[in-house]
Amino acid sequence: MTERTLILVKPDGVERNLIGTVLARFETKGYHIADLKMLTPSHELLEKHYEEHKGKPFFQPLVDFMSSGPVVAVIFEGERVVEGARSLMGSSDPTTAPAGTIRGDFGRDWGENIQKNLVHGSDSVESAQREIDIWFNQH
Ligand code: CDP
Ligand code: MG
C-alpha cells in the first residue's frame with residue numbers, strides 16, 4: 001500500500017549544508033516528495049511532535065536543539081515508505097549507526113547532551129499521520 005511519512009532534516013543537517021544530500025537518499029531510493037517546507041519550529045509544535053519522549057532526560061535538550069534553527073519538513077510517499085525511510089536513516093546513535101545509512105555516513109557524537117543525528121522519520125504509519133497533521137495540518 002502507498003504510504004506517506006514525515007521526514008525532517010534537523011537543524012544540524014541544515015547548518016552543515018546537507019539538505020540536498022539527505023533528501024537525495026530518499027529520492028534516489030525511489031520515494032516521491034509530496035510536500036516540503038522550511039521553518040524554525042516552535043517549542044509548542046515540537047512538544048507535540050515529541051510527545052512520547054516527555055519526561056525523558058533528553059526531552060528538553062531535544063526540543064531546544066530542534067528549535068535552534070531552520071529544519072526542512074518533507075512528506076515522502078511510496079510503497080512501504082515508513083519502513084524504507086527508517087532503514088535509510090539508520091539507528092538513532094550516529095556513532096554506531098551502520099555505514100551506508102544517512103546517520104552512519106554523515107553523523108557522529110559531538111560530545112553534547114543531545115544526539116545530533118541529522119534526520120527524523122516517522123516510526124509507524126500511525127505516527128506518520130499524526131506528525132503530518134502537526135507539521136502540515138493535513139493527513
Ligand atoms: O529519531 P529516532 O526515532 O531514531 O529516535 P527516538 O528514540 O525517537 O529519539 C528521538 C530523538 O531524540 C533522536 O533522534 C535523538 O535526536 C534524540 N535522542 C537523544 O538525544 N538521546 C537519546 N538517548 C535518545 C534520543
Ligand atoms: Mg522516534
Side-chain angles (χ1 to χ4, degrees):
M1 248 241 314
T2 299
E3 299 172 352
R4 283 154 34 113
T5 194
L6 180 83
I7 297 297
L8 302 174
V9 183
K10 295 184 176 185
D12 54 331
V14 174
E15 166 92 28
R16 292 177 56 203
N17 302 320
L18 291 172
I19 298 169
T21 302
V22 169
L23 297 185
R25 293 289 182 110
F26 300 105
E27 282 202 295
T28 308
K29 180 82 169 175
Y31 300 127
H32 175 72
I33 294 179
D35 206 348
L36 171 153
K37 66 181 173 186
M38 192 176 201
L39 71 159
T40 301
S42 66
H43 278 230
E44 190 192 355
L45 185 155
L46 292 165
E47 280 165 18
K48 266 191 236 160
H49 174 78
Y50 281 124
E51 199 167 60
E52 63 171 313
H53 296 307
K54 251 179 206 160
K56 295 182 186 169
F58 61 86
F59 179 75
Q60 204 53 53
L62 177 61
V63 169
D64 290 344
F65 162 60
M66 288 295 293
S67 61
S68 67
V71 309
V72 175
V74 187
I75 302 173
F76 270 100
E77 65 188 12
E79 295 292 316
R80 297 177 67 198
V81 66
V82 173
E83 268 183 291
R86 294 284 291 188
S87 169
L88 291 174
M89 286 160 51
S91 40
S92 309
D93 180 347
T95 291
T96 55
T101 66
I102 295 165
R103 288 163 165 175
D105 285 354
F106 304 114
R108 69 168 171 89
D109 190 4
W110 297 91
E112 296 157 20
N113 62 352
I114 189 69
Q115 289 171 346
K116 293 185 172 174
N117 56 13
L118 296 156
V119 64
H120 166 85
S122 311
D123 63 8
S124 67
V125 172
E126 296 68 36
S127 299
Q129 284 168 352
R130 193 183 73 85
E131 293 172 4
I132 288 168
D133 195 27
I134 291 171
W135 290 81
F136 288 88
N137 299 313
Q138 56 167 281
H139 295 287

### Task
Could you walk me through whether Ile7 and Tyr31 pass the side-chain contact (heavy atoms from CB on, under 4.5 Å) test, one step at a time?
CA-CA 12 Å; Ile7 297 297; Tyr31 300 127; over 6 Å; no
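- Here salt bridge (Lys or Arg N to Asp or Glu O under 4.0 Å) pairs that include residues 19-42, with residues two or more places apart or in two chains, are Arg25-Asp105.
- Pairing each heavy atom of Gly69 with each of Pro41, the nearest pair is O-CD, 4.0 Å.
- Under a hydrophobic-cluster definition in which Ile, Leu, Val, Met, Phe, Trp and Tyr are linked whenever side-chain heavy atoms come within less than 4.5 Å, directly or via other members, Phe136 and Val125 are assigned to different clusters.
- Side-chain atoms of Gln60 and His43, non-hydrogen and from C-beta on, do get closer than 4.5 Å to each other.
- For Thr2, the side-chain hydrogen bond (donor to acceptor under 3.5 Å, both in side chains) test picks out Glu79, with sequence neighbours left out.
- Residues that satisfy the side-chain hydrogen bond (donor to acceptor under 3.5 Å, both in side chains) test with Asp12, not counting sequence neighbours, are absent from this structure.
- Every residue meeting the side-chain hydrogen bond (donor to acceptor under 3.5 Å, both in side chains) condition with Ser127, not counting sequence neighbours, appears here in chain and number order: Asp123, Ser124.
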All N/O donor-acceptor pairs, side-chain side in residues 15-23, below 3.5 Å, sequence neighbours left out:
| from | atom 1 | to | atom 2 | distance (Å) |
| --- | --- | --- | --- | --- |
| Arg16 | NH1 | Phe106 | O | 2.8 |
| Arg16 | NH2 | Phe106 | O | 3.1 |

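- Cluster annotation: Val72 is not connected to Leu46 through the hydrophobic network of ILVMFWY side chains, with a link wherever side-chain heavy atoms come within less than 4.5 Å.
- Side-chain contact between Met66 and Leu8 is present, with at least one heavy-atom pair separated by less than 4.5 Å.
- A distance of 9.5 Å separates CG of Leu62 from OG of Ser67, quoted to the nearest 0.5 Å.
- Residue Ser122 comes nearest to Ala128 through the heavy atom pair OG-CA, 3.4 Å, listed as atom of the first residue, atom of the second, then distance.
- Evaluation of the side-chain hydrogen bond (donor to acceptor under 3.5 Å, both in side chains) rule for Arg80 yields Glu83 as partners, not counting sequence neighbours.
- Residues satisfying the side-chain contact (heavy atoms from CB on, under 4.5 Å) criterion with Ala24, sequence neighbours excluded, are Thr28.
- Evaluation of the ring pair (Phe, Tyr, Trp, His ring centres under 6.0 Å) rule for Phe58 yields His53 as partners, not counting sequence neighbours.
- With hydrophobic clusters built from ILVMFWY side chains whose heavy atoms lie under 4.5 angstrom apart, Val9 shares a cluster with Leu88.
- Here ring-ring contact (aromatic ring centres under 6.0 Å, His included) pairs that include residues 59-105, with residues two or more places apart or in two chains, are Phe26-Phe76.
- Looking at Glu77, its side chain never comes within 3.5 Å of a backbone N or O of Ala34 through a donor-acceptor pair.
- Ile134 and Val74 are assigned to two separate hydrophobic clusters, defined by single-linkage of ILVMFWY side chains at heavy-atom distances under 4.5 Å.
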### Message
Walk me through whether Val71 and Thr40 qualify under side-chain contact (heavy atoms from CB on, under 4.5 Å).
### Response
CA-CA 6 Å; Val71 309; Thr40 301; over 6 Å; no
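- Evaluation of the side-chain hydrogen bond (donor to acceptor under 3.5 Å, both in side chains) test over residues 86-95, restricted to residues two or more places apart or in two chains, returns none.
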### Query
Do His120 and His49 pass the side-chain contact (heavy atoms from CB on, under 4.5 Å) test, and can you show the C-alpha distance, the side-chain angles, and the key distance before you say yes or no?
CA-CA 11 Å; His120 166 85; His49 174 78; 3.3 Å; yes
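- Partners of Glu112 by side-chain contact (heavy atoms from CB on, under 4.5 Å), not counting sequence neighbours, listed by chain and number: Trp110, Ile114, Lys116.
- Residue pairs satisfying the salt bridge (Lys or Arg N to Asp or Glu O under 4.0 Å) criterion with at least one member in residues 49-69, sequence neighbours excluded, are listed as follows: Glu51-Arg130.
- Under the 4.5 Å side-chain heavy-atom criterion for grouping Ile, Leu, Val, Met, Phe, Trp and Tyr, Ile132 is connected to Tyr50 within one hydrophobic cluster.
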### Intermediate values then yes/no, side-chain contact (heavy atoms from CB on, under 4.5 Å), Ile75 and Trp135
CA-CA 10 Å; Ile75 302 173; Trp135 290 81; over 6 Å; no
